[in-house]
Structure formats: C-alpha cells, structure tokens
Amino acid sequence: MKELLEVIAKNLVDQPEKVQVSETESERALVLELKVAPEDMGKVIGKQGRIAKAIRTLVKASGVHEDKKIIVEIIQ
C-alpha cells in the first residue's frame, strides 16, 4: 500500500523528492500518512477534495484482500 500511495503522489506533484509516506499498523487498521511540499498540497487534495478522495479509493481498493481498514491521511 505504501508504495502505491508513493507512486500516485509523486506523479501528481511538482516536487516528487519531497513526497514522504509513513505507515503505522495496528491490529485492525493500517494508517498511511502522506506528506508533500506545501506548494503541492492543492494538487494532492484537488478541487473540493476530489483527488484526495480518489487516492483514498484506489488505496482502499488495492487493500481489499487484507482484512484491515486502510486510512489515508494527508498532512502538512
């Protein structure tokens, strides 16, 4: 999941070298935190959060075979 989120984010932003994805796992959930450069936040979130929602949908769909909830957080 981490690699997928990283690839998606790096292809959306102007500064791919500043993309960081951290992963925290508990027994029922997997939390992925995405950090990008402040100038690229708008590109990752999109108008009315549409791109962020699409990213979350893709990552969740790719993790369907696991029995865990996947949460994607976009942080500064």
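No experiment lies behind these values; they were computed from the predicted model shown.
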Donor-acceptor list for residues 69-76 side chains, cut-off 3.5 Å, not counting sequence neighbours:
none

For the [atom1] atom of [X] and the [atom2] atom of [Y], what is their distance to the nearest 0.5 Å?
X	Y	atom1	atom2	answer
E33	L5	CD	CG	11.0 Å
I55	L34	CD1	CG	6.5 Å
I51	R56	CD1	CZ	12.0 Å
K68	M1	NZ	CE	10.5 Å
R50	K47	CZ	NZ	8.5 Å

request  = Please report the closest heavy-atom contact between A37 and Q15, naming both atoms and the distance.
outcome  =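 In terms of heavy atoms, the two residues are closest at CB-OE1, 3.5 Å.
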Where V44 and V36 come nearest, the two heavy atoms and their spacing =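 Looking at all heavy atoms of both residues, the closest pair is CG2-CG1, 3.9 Å.
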request  = Check the hydrophobic clustering (I, L, V, M, F, W, Y; side-chain heavy atoms under 4.5 Å; chains of links allowed) and say if L58 and I45 are grouped together.
outcome  =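 L58 clusters together with I45.
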task = Under the side chain to side chain contact (heavy atoms under 4.5 Å, CB included) rule, what do E23 and L30 come out as? Steps first, then yes or no, please.
result = CA-CA 7 Å; E23 185 176 65; L30 175 66; 3.4 Å; yes
Partner set under salt bridge (Lys or Arg N to Asp or Glu O under 4.0 Å) for K53, not counting sequence neighbours =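 With sequence neighbours excluded, K53 shows a salt bridge (Lys or Arg N to Asp or Glu O under 4.0 Å) to no residue whatsoever.
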ask   = Which residues pass the salt bridge (Lys or Arg N to Asp or Glu O under 4.0 Å) test with E17, sequence neighbours left out?
value =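 Scan of E17 (salt bridge (Lys or Arg N to Asp or Glu O under 4.0 Å), adjacent residues dropped) gives none.
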query = With the threshold set at 4.0 Å, does a side-chain nitrogen-carboxylate oxygen contact exist between E6 and K2?
reply =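 Salt bridge: no.
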inquiry  = Is the shortest side-chain heavy-atom distance between D14 and K43 below 4.5 Å?
reply    =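 They are in contact (side-chain heavy atoms under 4.5 Å apart), so the answer is yes.
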